[in-house]
Amino acid sequence: VLSWAGPEKFPLGVTLGYTFYGAEWDTTATANLNGSFYGELTYPIKNLTLIAGGGNKYYTGKTDLAAVNIGAKIVQKVEITDKFTLPITGQIMINPNTKHIYYTVGFSF
């Protein structure tokens with residue numbers, strides 16, 4: 001996996017990954033990990049991050065590249081007390097390849 005984060009003036013994030021040898025050993029199957037590529041672009045705007053990703057094989061079930069991850073993530077700190085805040089994350093993602101929509105909510109402390 002290679003990752004790059006742009007400068008503050010243009011904070012584009014780029015992640016590229018390629019699986020040389022995965023858990024599946026059948027090199028004739030299209031949906032195994034071997035030879036799978038995934039790339040993702042992220043762009044933060046204040047507490048919102050826009051995300052676009054694509055891949056092939058394991059991520060799409062096909063050898064051709066396709067968009068598999070388009071969406072946005074927001075992180076908001078909720079003040080519980082004057083000394084404690086709870087970071088809450090919400091994310092909505094669309095996979096145009098499978099025509100599915102995913103929504104997640106999480107928190108950390």
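When hydrophobic clusters are built by joining Ile, Leu, Val, Met, Phe, Trp and Tyr residues whose side-chain heavy atoms come closer than 4.5 Å, directly or via intermediates, I80 is grouped together with F107. Linking ILVMFWY residues whenever their side-chain heavy atoms come closer than 4.5 Å, directly or via other members, places L16 and L50 in the same cluster. Linking ILVMFWY side-chain heavy atoms closer than 4.5 Å, directly or via other members, places I70 and Y103 in two distinct hydrophobic clusters. Transitive grouping of hydrophobic side chains (ILVMFWY, heavy atoms separated by less than 4.5 Å) brings F37 and W4 into a common cluster. Two different hydrophobic clusters hold V75 and V105 under the rule that ILVMFWY side chains link at heavy-atom gaps under 4.5 Å.
Counting heavy atoms from C-beta outward, V1 and T15 have side chains that approach closer than 4.5 Å. No side-chain heavy atom of Y43 sits less than 4.5 Å from a side-chain heavy atom of T49. Proximity of Y18 to Y38: side-chain heavy atoms (C-beta onward) are nowhere separated by under 4.5 Å. The shortest distance between side-chain heavy atoms of P96 and V68 does not fall below 4.5 Å. Side-chain atoms of L12 and T42, non-hydrogen and from C-beta on, never get closer than 4.5 Å to each other. The side-chain heavy atoms of K62 and N56, taken from C-beta on, include no pair separated by under 4.5 Å. For the pair N69 and N95, the minimum side-chain heavy-atom distance is 4.5 Å or more.
In terms of heavy atoms, T63 sits closest to K57 at CA-CG, 4.2 Å. Heavy atoms only, all atoms of each residue included: S108 and L86 are closest at O-CD1, 3.3 Å. The two residues A72 and L48 come nearest to each other via the heavy atoms CB-CD1, 3.8 Å.
Side-chain atoms of S36 come within 3.5 Å of backbone N or O of Y58 as a donor-acceptor pair.
Every side-chain hydrogen bond (donor to acceptor under 3.5 Å, both in side chains) that Q76 has, sequence neighbours left out, goes to N47.
To the nearest 0.5 Å, the span separating CE on M93 from NE2 on H100 amounts to 14.5 Å.
Of the residues I51, I74, I101, the one that meets the side chain to side chain contact (heavy atoms under 4.5 Å, CB included) test with I92 is I101.
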